[in-house]
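Because the structure is predicted, anything quoted here is derived from the model rather than measured. Sequence lines set the chain letters: A, B, ... in the order given, protein chains first and strands last, and positions in each chain run from 1.
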2 protein chains.
Amino acid sequence: MRSLTAPDPEAAVAFLKAELHRSLVQVVGLCEVRYQGRAQSSLSLGERLILLKPDGTLLVHTARKIKPVNWQPPGARFSAAVEEGRVVLTSQRGEPAELVRIALHETQALLALRLKDDEALSLVGTEADLGKLLVKHPHLVEPGFQVTGRERANGRGPMDLVGLDAKGVRVVVELKRRPAGLNDAEQLRRYVERERAAKGDVRGILLAPGVSDAARRYLQERGMEVREVDWDKVLPLLHQVLPAGQRTLDARFPPPDRGA
Amino acid sequence: MRSLTAPDPEAAVAFLKAELHRSLVQVVGLCEVRYQGRAQSSLSLGERLILLKPDGTLLVHTARKIKPVNWQPPGARFSAAVEEGRVVLTSQRGEPAELVRIALHETQALLALRLKDDEALSLVGTEADLGKLLVKHPHLVEPGFQVTGRERANGRGPMDLVGLDAKGVRVVVELKRRPAGLNDAEQLRRYVERERAAKGDVRGILLAPGVSDAARRYLQERGMEVREVDWDKVLPLLHQVLPAGQRTLDARFPPPDRGA
DNA sequence: AAATAAATATCGTGA
DNA sequence: TCACGATGTTTATTT
């Protein structure tokens, strides 16, 4: 880990040239930021924390909010130079062509890190997990439901779940891991419309932990249905369905107190 | 700016207790991370950079990608303690109840910053900007077009632009700042469907810098239209429409070379 | 490469 | 508070 405190512009640029695209570089300082690419932005003088990752990711963070005030996704090329006595950082990307330019009026700290990390995040509770669960426990959609396909291409994007109900009628199920709204209802409508045109009678079910009133009305008016799920109830089942490596969360890490 | 290098757990926790929710705190170290809330995740031992903002924002960054591997949006309550000889950081949020727990096996660096920043980002090129532009230059939608309303509620969310064409026929316009896809086409369809039910003949126009083939087909099959815009052509007009404070980007900060 | 949809999306606005 | 839609969304997946 290398660091500099309040370096002069020449020392800062030397540090940056040595570390950019090699280490995770952090810059703290008083700066102006300009962006041009998919849009254009300008940020006047203020103190910010800048991260430049070895993969060409740029983050400019202020003291508030989770989203960076300016950024560049992986793949940018960084460069540093002294211009008119100031350190200027530029980050350039192509496709689409985008440029971030940071003029440092004062460099308070520089830090270069080589983070050693080979681990991948293990995540449970995605829409894909919900799909896996319903394949194993189709009665959670409704009694007698039978899954015949998952993520089936139908010319308008994949449908989450396709099956037959107790009477043998075809069913398209759209899954959402979070409460569903109008957009989600429309997505189901699009799939159902397509299937009805191709194969006649088809039921449509939006399965989610909650559906907004407007979305519910929208679906009912068009002959589609809603089925609510409760994550708290299906999570234990999900842990049984998932491979062993992802089953480690339940006991040792109880959910936070909902009363708070 | 306060900092500690390789502190022992007690010193680290004392530092954290003094600075959390007051400064922007940065922690670099070897850690495990667990999350439980809207989903559940687990991340094994590795070196990461952790940011804890005074507003209760948590970011856990690895050396790659722009998105943090774990996070918590503003509003979390942070706490730090020594557990079994290790520094443990917890970040708790309610509504929905969520918890991130970080166990530090090694604390390599601690940094606390008070970033002074009163500036807001000035951004040009949003969908709202496109709307303002079309109000001033309605012929960009089509010759003879006349704007009668913006962001008008119609019971299913606001319509971007409402107006009359040269023949006096009602028109609903959906604006997109980026190339439009099926979702965007559906959104227009929803508005047009509603307006047609209420007021008879209504045209629908999706105005965007590009529309996917599937979306184009989807619209045409349902009697709606597409109008393409080119940001490079409308940006100069936009700069004339915007207030002076946002008009500073054009000349001094030319677009990056598209040839790269 | 383009398109399509998910995301622990986040964020702002308006009812 | 809730719902809805924009975002310089990012990201993974599939065609």
Side-chain angles (χ1 to χ4, degrees), chain A residues 35-41 57-58 64-75 93 95-100 121 123-131 151 153-160 174-187 190-191 210-215 231, chain B residues 35-41 57-58 60 65-75 93 95-100 121 123-131 151 153 155-160 174-187 190-191 210-216 231:
Chain A
Y35 160 76
Q36 183 148 60
R38 285 167 289 176
Q40 300 178 345
S41 77
T57 296
L58 170 72
R64 288 188 294 177
K65 300 285 178 187
I66 197 171
K67 296 194 70 178
V69 65
N70 280 108
W71 71 92
Q72 207 132 79
R93 258 172 69 93
E95 203 63 36
E98 293 186 294
L99 178 63
V100 174
L121 185 77
L123 180 67
V124 175
T126 62
E127 185 184 297
D129 290 331
L130 192 53
E151 296 288 328
N154 74 339
R156 286 222 218 299
M159 295 174 288
D160 289 334
E174 174 63 30
L175 308 178
K176 290 295 154 188
R177 70 165 307 286
R178 56 186 158 88
L182 272 170
N183 263 13
D184 306 314
E186 274 186 329
Q187 196 180 334
R190 174 152 47 95
Y191 297 148
V211 178
S212 76
D213 290 345
W231 273 113
Chain B
Y35 159 74
Q36 183 148 62
R38 285 168 290 178
Q40 300 180 346
S41 77
T57 296
L58 169 72
V60 181
K65 300 284 181 188
I66 197 172
K67 295 194 72 180
V69 65
N70 280 109
W71 70 91
Q72 207 134 66
R93 258 173 69 94
E95 202 65 35
E98 292 186 294
L99 177 64
V100 173
L121 185 77
L123 180 66
V124 175
T126 62
E127 185 184 297
D129 290 333
L130 191 53
E151 297 292 329
R156 288 223 223 297
M159 296 175 287
D160 289 336
E174 175 61 31
L175 309 178
K176 290 294 153 190
R177 70 165 306 285
R178 55 183 159 84
L182 275 169
N183 258 16
D184 306 315
E186 274 185 332
Q187 195 180 334
R190 171 154 44 102
Y191 298 147
V211 177
S212 76
D213 290 344
R216 199 180 291 272
W231 272 113

Could you tell me which residues satisfy salt bridge (Lys or Arg N to Asp or Glu O under 4.0 Å) with B:Arg216, sequence neighbours excluded, listed by chain and number?
B:Glu228

Polar contact flag, side-chain donor to acceptor under 3.5 angstrom, B:Glu174-B:Tyr191
no

Across all chains, not counting sequence neighbours, the side-chain contact (heavy atoms from CB on, under 4.5 Å) partners of B:Ala180 are B:Lys176, B:Asp184, B:Leu206, B:Ala208, B:Val211

Which whole-number value in Å describes the distance from B:Leu182 CG to C:dT4 P?
5 Å

Quick one: is A:Trp71 getting a side-chain N or O under 4.0 Å of the D:dT10 phosphate, OP1 or OP2?
yes

How long is the line joining CH2 of A:Trp231 and P of C:dT8, in whole Å?
11 Å

Would you call A:Leu99 and A:Tyr35 a side-chain contact if the rule is heavy atoms closer than 4.5 Å?
no

If I pick the C1' atom on D:dT7 and the same atom on C:dA5, what distance separates them, to the nearest angstrom?
16 Å

Please determine if a side-chain N or O atom of A:Arg178 lies less than 4.0 Å away from the OP1 or OP2 oxygen of D:dC4.
no

Expressed as a whole number of angstroms, how long is the span from B:Gln40:CD to C:dA7:C1'?
17 Å

What distance, rounded to whole Å, do you find between the two C1' atoms, one in C:dA6 and one in C:dT10?
14 Å

Residue-phosphate contact under 4.0 Å: A:Tyr191 side-chain N/O, C:dA5 OP1/OP2
yes

Is the side chain of B:Arg38 donor-acceptor paired with the backbone N or O of A:Arg178 at a distance under 3.5 Å, no angle test?
no

Ranking A:Glu127 and B:Pro73 by the position along DNA chain C of their nearest nucleotide, the one closer to 5' is A:Glu127

What's the closest nucleotide to the B:Arg190 side chain, out of D:dC4, C:dG12, D:dG8?
D:dC4

Please check: side-chain N/O of B:Asn70 versus main-chain N/O of B:Val60, any donor-acceptor pairing under 3.5 Å?
no

With a cut-off of less than 4.0 Å, is there a side-chain N or O of A:Arg93 near OP1 or OP2 of D:dG8?
no

With a non-hydrogen cut-off below 4.0 angstrom, is B:Pro74 in contact with a base, only sugar-phosphate, or nothing?
sugar-phosphate

Among D:dA12, D:dT9, C:dT8, which is the nearest nucleotide to the side chain of A:Arg177?
C:dT8

Pair pattern of DNA chain C in dot-bracket, where unpaired bases get dots and | marks partners in another strand, Watson-Crick or G-U under 3.5 angstrom
|||||||.|||||||

Do the side-chain N or O atoms of A:Arg38 get closer than 4.0 angstrom to the phosphate oxygens (OP1, OP2) of D:dT10?
yes

Tell me whether the side-chain N/O atoms of B:Gln187 come closer than 4.0 Å to OP1 or OP2 in D:dC4.
no

Measure OH/B:Tyr35 against P/C:dA7 and give the value in whole Å, please.
12 Å

If you compare every side-chain N and O of B:Ser212 against the phosphate oxygens of C:dA2 (OP1, OP2), does one of them come in below 4.0 Å?
no

What is the distance, to the nearest angstrom, from the CD atom on A:Glu186 to the P atom on C:dA5?
12 Å

Nucleotide D:dT7, atom P - distance to CG of A:Asn70 in whole Å:
16 Å

Identify the two heavy atoms, one from B:Leu58 and one from B:Val100, that lie closest to each other, and give their separation to 0.1 Å.
CD2-CG1, 3.6 Å

Side-chain atoms of B:Leu123 come closest, of C:dT8, C:dA6, D:dG8, to D:dG8

From C-beta outward on A:Leu121, which listed nucleotide comes closest to its side chain: C:dT10, D:dT11, C:dT8?
C:dT8

Using the closest heavy atom to pick a nucleotide of DNA chain D for each, name whichever of A:Val69 or B:Glu95 lands nearer the 5' end.
B:Glu95

Side chain of A:Thr126 only, heavy atoms from C-beta on: which candidate in C:dA7, C:dT4, D:dG8 is closest?
C:dA7

Is the shortest heavy-atom distance from the side chain of B:Arg93 to the side chain of B:Pro73 under 4.5 Å?
yes

Answer yes when B:Arg177 and B:Glu127 have at least one side-chain N-carboxylate O distance shorter than 4.0 Å, and no when they do not.
no

Between C:dA7 and D:dA6 - C1' atom distance, rounded Å:
15 Å

Rounded distance in Å - NZ (A:Lys176) to P (C:dT8)
13 Å

Rounded to whole Å, how long is the line connecting atom CG of A:Asp213 with atom C1' of D:dC4?
13 Å

For DNA chain D, whose closest nucleotide is more 5', that of B:Lys67 or that of A:Asn183?
A:Asn183

